[in-house]
Amino acid sequence: MNRIDDLEAFIAIVEQGSLTAAARGTNRSLQAISRSLATLEEAIGVELVHRTTRSSTPSEAGATFFRRIKPAVDQINEAKLQAANQRLEPSGILRISAPVLFGPDFLVPIIAEYMRIYPRVEVDLQLSDGFVDLGAEGVDLAIRIGDLPDSSLRAKRLGALRRVVFGAPPYFAQRGRPAHPFDLNEHNCLIRNADGRPSEWMFRIEGQPRTVKVTGTFRSNLMTSIYAAAIQGLGLGYSPLWQIRHLVDNGRVELVLTEFEPLPVPIHALWQEGRSSSAKVRAFLDMTAAGLELKNL
């Protein structure tokens with residue numbers, strides 16, 4: 001029996017006036033109540049309750065002890081109840097990290113529905129394309145795109161995202177469409193130069209991953225500029241499909257080389273060990289896994 005159970009047994013004996021009544025009031029056996037009282041008296045070293053065949057009354061030391069520990073035990077039980085309610089009903093601040101472009105279009109609609117269902121939760125959404133330190137930043141949950149580095153974080157795979165080559169109809173009318181990734185050396189490719197690495201696009205050729213070096217006359221550090229340049233017919237772009245899905249749907253750009261697409265990039269939800277036991281994190285994980293629209297992306 002743990003110490004809090006022994007204290008609760010003693011309080012019940014004093015309040016109920018006998019061991020039998022205390023056992024009945026706490027839904028424990030008479031033997032368990034008696035054992036708890038004996039354990040507590042042995043630990044403290046004094047008799048806390050005078051026992052007779054008909055009643056049990058606190059000794060002078062027991063009465064003093066009762067007055068001191070009763071408020072403390074009540075506070076402990078209130079704290080346990082509050083913690084249990086927080087575990088069962090989402091509340092508090094949920095801190096989420098997500099990629100800059102992915103968060104607003106895909107995550108915010110889920111957050112909005114989540115907050116309508118759980119009005120006691122506040123959400124702090126931080127957008128970053130870097131792998132933030134969840135512990136250092138106080139982040140409860142992170143959405144990350146790409147292969148995951150080794151870490152102690154827990155992860156739930158939410159799906160996978162396609163990478164595609166695209167261009168505008170005016171470009172294809174002028175330059176034609178590449179039929180194979182190796183044809184790209186005859187095309188003007190729109191280059192993202194933010195990381196300083198050679199311009200290489202990934203494909204799957206004859207069932208194997210292959211990189212193809214590309215060149216072009218337009219370069220930018222931001223993908224939004226690449227998309228704008230593609231719309232203007234300046235060349236071919238390479239991007240996650242989810243970032244340009246709206247451009248494809250409205251016909252402003254078209255996909256090419258789809259049969260050579262590389263394996264989709266995984267997307268995961270990450271959290272620290274133990275955080276998923278929090279109701280607010282667990283509920284958001286469930287909603288994200290169920291509601292994230294990743295089909296054809």
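The residues of the chain are indexed from 1 along the displayed sequence. Please read these numbers as outputs of a predicted model, since none were measured by experiment.
Side-chain polar atoms of T39 and D6 form no donor-acceptor pair below 3.5 angstrom. A donor-acceptor pair shorter than 3.5 Å can be found between the side chains of S36 and R28. For the residue pair S97 and R144, a side-chain donor N or O sits within less than 3.5 Å of a side-chain acceptor on the partner.
Contact annotation: the side chain of N185 never approaches that of T215 to less than 4.5 Å [non-hydrogen atoms, C-beta and beyond]. Side-chain contact between V49 and L37: present, with at least one pair of heavy atoms (C-beta onward) separated by less than 4.5 Å. L236 is listed as a side-chain neighbour of P178, based on a closest heavy-atom distance under 4.5 Å. Looking at V248 and R245, their side chains come closer than 4.5 Å, going by heavy atoms from C-beta outward. A heavy-atom distance below 4.5 Å is found between the side chains of I111 and L125. For the pair L247/I244, a side-chain contact is recorded, criterion being any heavy-atom separation below 4.5 Å from C-beta on. Side-chain contact between V165 and L255 is absent, with no heavy-atom pair separated by less than 4.5 Å. You'll find the side chain of E8 reaches within 4.5 Å of the side chain of V73, heavy atoms only.
Legend: residues meeting salt bridge (Lys or Arg N to Asp or Glu O under 4.0 Å) with E254, ordered by chain and number and at least two apart, are R177. Here K156 pairs with nothing under the salt bridge (Lys or Arg N to Asp or Glu O under 4.0 Å) rule; sequence neighbours left out.
Note that the CG atom of D129 and the CG atom of L101 stand 6.5 Å from one another [nearest 0.5 Å]. Taking CG of L48 as the reference point, atom CD1 of I13 lies at 9.0 Å (rounded to 0.5 Å). The structure places CZ of R24 at 7.0 Å from OG1 of T20, a figure rounded to the nearest 0.5 Å. Taking CG of L222 as the start and CD1 of I226 as the end, the distance is 9.0 Å to the nearest 0.5 Å. The NE2 atom of H187 sits 7.0 Å away from atom CG of L184, with the distance rounded to the nearest 0.5 Å. Separating the CD1 atom in I191 from the OG atom in S199 is a distance of 4.0 Å, to the nearest 0.5 Å.
Under 4.0 Å is where a charged nitrogen must lie from a carboxylate oxygen, and between K70 and E15 at least one such pair does. Salt bridge absent: D286 and R282 never bring a charged side-chain N and a carboxylate O closer than 4.0 Å.
Listed for the R162 side chain is no donor-acceptor partner under 3.5 Å among the backbone atoms of W242. Not one N or O on the side chain of N193 forms a donor-acceptor pair closer than 3.5 Å with the backbone of R219. Of the possible polar contacts, none joining the Q174 side chain to the P169 backbone as a donor-acceptor pair under 3.5 Å is found.
Annotation for E259: atom CD counts as buried by contact number, over 12 foreign heavy atoms lying within 6.0 Å. The local environment of CZ in R252 is sparse, with at most 12 non-hydrogen atoms from other residues, nucleotides or ligands closer than 6.0 Å. Counting heavy atoms of neighbouring residues, nucleotides and ligands inside a 6.0 Å radius, atom CD of E60 does not exceed 12 of them.
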Residue pair E261, R210: steps toward the salt bridge (Lys or Arg N to Asp or Glu O under 4.0 Å) verdict
CA-CA 10 Å; E261 287 179 19; R210 292 282 301 273; over 6 Å; no
Between E137 and Q126, does a side-chain contact (heavy atoms from CB on, under 4.5 Å) hold up when you go through it step by step?
CA-CA 10 Å; E137 300 294 331; Q126 298 296 319; over 6 Å; no
I'd like to know whether R163 forms a side-chain contact (heavy atoms from CB on, under 4.5 Å) with S239, so could you lay out the CA-CA distance, the side-chain angles of the two residues, the decisive distance to 0.1 Å, and finally the verdict.
CA-CA 5 Å; R163 289 169 288 176; S239 165; over 6 Å; no
Decide yes or no on side-chain contact (heavy atoms from CB on, under 4.5 Å) for E122 and L94, but give the supporting numbers first.
CA-CA 6 Å; E122 300 178 18; L94 177 65; over 6 Å; no
Decide yes or no on side-chain contact (heavy atoms from CB on, under 4.5 Å) for H180 and F260, but give the supporting numbers first.
CA-CA 8 Å; H180 192 279; F260 298 99; 3.6 Å; yes
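Scanning all heavy atoms of the two residues, the minimum distance from I143 to P99 falls at O-CD, 3.1 Å. Of all heavy-atom pairs between F10 and I69, the closest is CD2-CD1, 4.1 Å. Contact detail for R204 and P209: the closest heavy-atom pair is NH1-CD, 3.8 Å. Of all heavy-atom pairs spanning L234 and N188, the tightest one is O-ND2, 2.7 Å. Considering every non-hydrogen atom in both A61 and E47, the closest pair reads CB-O, 4.4 Å. Of all heavy-atom pairs spanning Q16 and A21, the tightest one is CB-CB, 3.6 Å.
Residues L141 and I93 do not share a hydrophobic cluster, defined by chaining ILVMFWY side chains whose heavy atoms lie under 4.5 Å apart. One hydrophobic cluster holds both I145 and W271 under the rule that ILVMFWY side chains link at heavy-atom gaps under 4.5 Å. If you chain together hydrophobic residues whose side chains sit under 4.5 Å apart, F172 and Y227 never meet in one group. I205 and W201 fall within the same hydrophobic cluster, where Ile, Leu, Val, Met, Phe, Trp and Tyr residues are linked whenever their side-chain heavy atoms come under 4.5 Å apart, directly or through other members. There is a path of hydrophobic side-chain contacts, each under 4.5 Å, that joins V256 to F182.
The aromatic ring centres of F166 and Y238 sit 6.0 Å or more apart.
Classified by interplanar angle (parallel below 30°, tilted 30° to 60°, perpendicular above 60°), the ring pair F106/F102 is parallel. Relative ring orientation between Y114 and F284 is described as perpendicular, the plane-to-plane angle rising above 60° on a 0-90° scale split at 30° and 60°.
Of the candidates V139, D140, D124, L107, I96 forms a side-chain contact (heavy atoms from CB on, under 4.5 Å) with just one, namely L107.
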